[in-house]
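A short write-up of the structure that comes next.
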Amino acid sequence: MPEALEKWPVTLMKTLLPRHMEIVYEINSRFLRQVSYKYPGNIDMLRDMSLIEEGGDPKVRMAYLAIVGAIPSTACRNSTPSC
């Protein structure tokens, strides 16, 4: 699916889907905490695995979001006890 490999501009997502973008940032934060715990001090790893591709025009990596979002422990960690 080529659309899964798309990268959407953060500015577009913030404009069209502001609440969704807040959720993407929260998922990314939780995921990067796990990556940081597993690979302490490896900034390159964090940059490469982030859901947000940094640069002149930051983009949301949609395939990364789909994969991380499909892992229940990532979405539920540090959340409600029912997860």
Side-chain angles (χ1 to χ4, degrees):
M1 295 172 86
E3 61 273 9
L5 300 177
E6 290 181 359
K7 297 175 186 175
W8 292 15
V10 169
T11 53
L12 176 67
M13 297 244 338
K14 280 184 178 179
T15 302
L16 298 177
L17 304 165
R19 179 65 181 133
H20 287 74
M21 201 58 223
E22 289 176 13
I23 294 168
V24 169
Y25 278 130
E26 181 61 28
I27 292 169
N28 193 44
S29 175
R30 292 178 187 198
F31 175 64
L32 290 181
R33 260 187 262 136
Q34 289 181 10
V35 173
S36 179
Y37 179 76
K38 186 161 179 134
Y39 303 98
N42 193 338
I43 302 302
D44 291 332
M45 178 74 75
L46 292 174
R47 187 180 310 110
D48 291 344
M49 295 185 75
S50 176
L51 304 180
I52 311 296
E53 180 181 84
E54 299 298 333
D57 184 23
K59 295 178 176 32
V60 178
R61 296 170 171 156
M62 301 309 282
Y64 288 30
L65 177 60
I67 291 167
V68 172
I71 302 169
S73 64
T74 300
C76 293
R77 185 156 305 199
N78 302 323
S79 173
T80 60
S82 63
C83 286

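Tracing side-chain contacts under 4.5 Å through hydrophobic residues (I, L, V, M, F, W, Y), one never reaches I23 starting from L17; they form parts of separate clusters. Linking Ile, Leu, Val, Met, Phe, Trp and Tyr whenever their side-chain heavy atoms come within less than 4.5 Å puts I43 and Y39 in one cluster.
The line from CE of M13 to NE2 of H20 is 7.5 Å long, rounded to the nearest 0.5 Å. The line from NZ of K14 to CD of E22 is 10.0 Å long, rounded to the nearest 0.5 Å. Distance check: L51 CG to L32 CG gives 6.5 Å after rounding to the nearest 0.5 Å.
Without hydrogens or angle criteria, S29 side chain to Y25 main chain gives no donor-acceptor distance under 3.5 Å.
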Take V10 and V24 through the test side-chain contact (heavy atoms from CB on, under 4.5 Å) and record every step on the way to the result. CA-CA 10 Å; V10 169; V24 169; over 6 Å; no
Between V68 and M49, does the side-chain contact (heavy atoms from CB on, under 4.5 Å) criterion hold? Intermediate values first, please. CA-CA 10 Å; V68 172; M49 295 185 75; over 6 Å; no
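Listed by chain and number, the residues in a side chain to side chain contact (heavy atoms under 4.5 Å, CB included) with E53 are K7, K59, R61 (sequence neighbours excluded).
Residues P58 and G55 share a closest heavy-atom pair of CD-O, 3.7 Å.
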